[in-house]
Amino acid sequence: MQPAAVPIKTPTGQQELRRRSRDLSQRHRTVLLLVDGRRSLGEVLHMALQAGAHAHHLEELIQLGLVELPNADALAALDAEETHAGALD
């Protein structure tokens with residue numbers, strides 16, 4: 001995992017928090033709130049897991065265009081984290 005990777009909300013993600021126009025689950029919304037542009041990918045995932053969310057919630061927010069990662073290597077790290085987290089379930 002790349003500790004320096006910092007996920008950020010896109011303008012669409014910021015708008016979603018204000019308007020709630022999409023039918024996001026509570027776990028998706030929790031992860032979206034955790035993404036603040038300061039926390040690293042690892043911190044966001046750790047806090048998300050503590051809140052009952054999983055890495056796939058963040059991955060889905062990225063696919064929806066609500067969150068972005070600074071580079072493709074960070075997305076690969078997210079996939080690796082999801083595989084690792086699934087092994088613990």
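These figures come from a predicted structure and were not determined experimentally.
- The two residues A51 and T30 have their closest heavy-atom pair at CB-CG2, 3.9 Å.
- Applying the side chain to side chain donor-acceptor pair (under 3.5 Å) rule to R22 yields no partners; only residues at least two apart in sequence or on another chain are considered.
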Residues 63-70, side-chain donor-acceptor partners within the protein, below 3.5 Å, at least two apart:
none

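- Separating the CG atom in L61 from the CD atom in E59 is a distance of 10.5 Å, to the nearest 0.5 Å.
- Taking all atoms of both residues into account, the shortest heavy-atom contact from S25 to H28 is OG-ND1, 2.5 Å.
- At distances below 3.5 Å, not a single donor-acceptor pair connects side-chain atoms of K9 with backbone N or O atoms of G37.
- Looking at R27, its side chain does come within 3.5 Å of a backbone N or O of G52 through a donor-acceptor pair.
- Taking each heavy atom of V35 and P7 in turn, the nearest pair found is CG1-O, 3.4 Å.
- A 4.5 Å side-chain heavy-atom check between V31 and H54 finds every atom pair outside the cut-off.
- Looking at every heavy atom in both residues, L24 comes nearest to E16 through CD1-CG, 3.7 Å.
- Residues I8 and L32 fall into different hydrophobic clusters, defined by Ile, Leu, Val, Met, Phe, Trp and Tyr side chains chained together at heavy-atom separations under 4.5 Å.
- The shortest distance between side-chain heavy atoms of L58 and L34 does not fall below 4.5 Å.
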| request: Report the C-alpha separation of L17 and R29 in whole Å, then their side-chain angles, then the decisive distance to 0.1 Å, and conclude whether the side chain to side chain contact (heavy atoms under 4.5 Å, CB included) test is met. | output: CA-CA 8 Å; L17 285 177; R29 193 164 298 283; 4.1 Å; yes
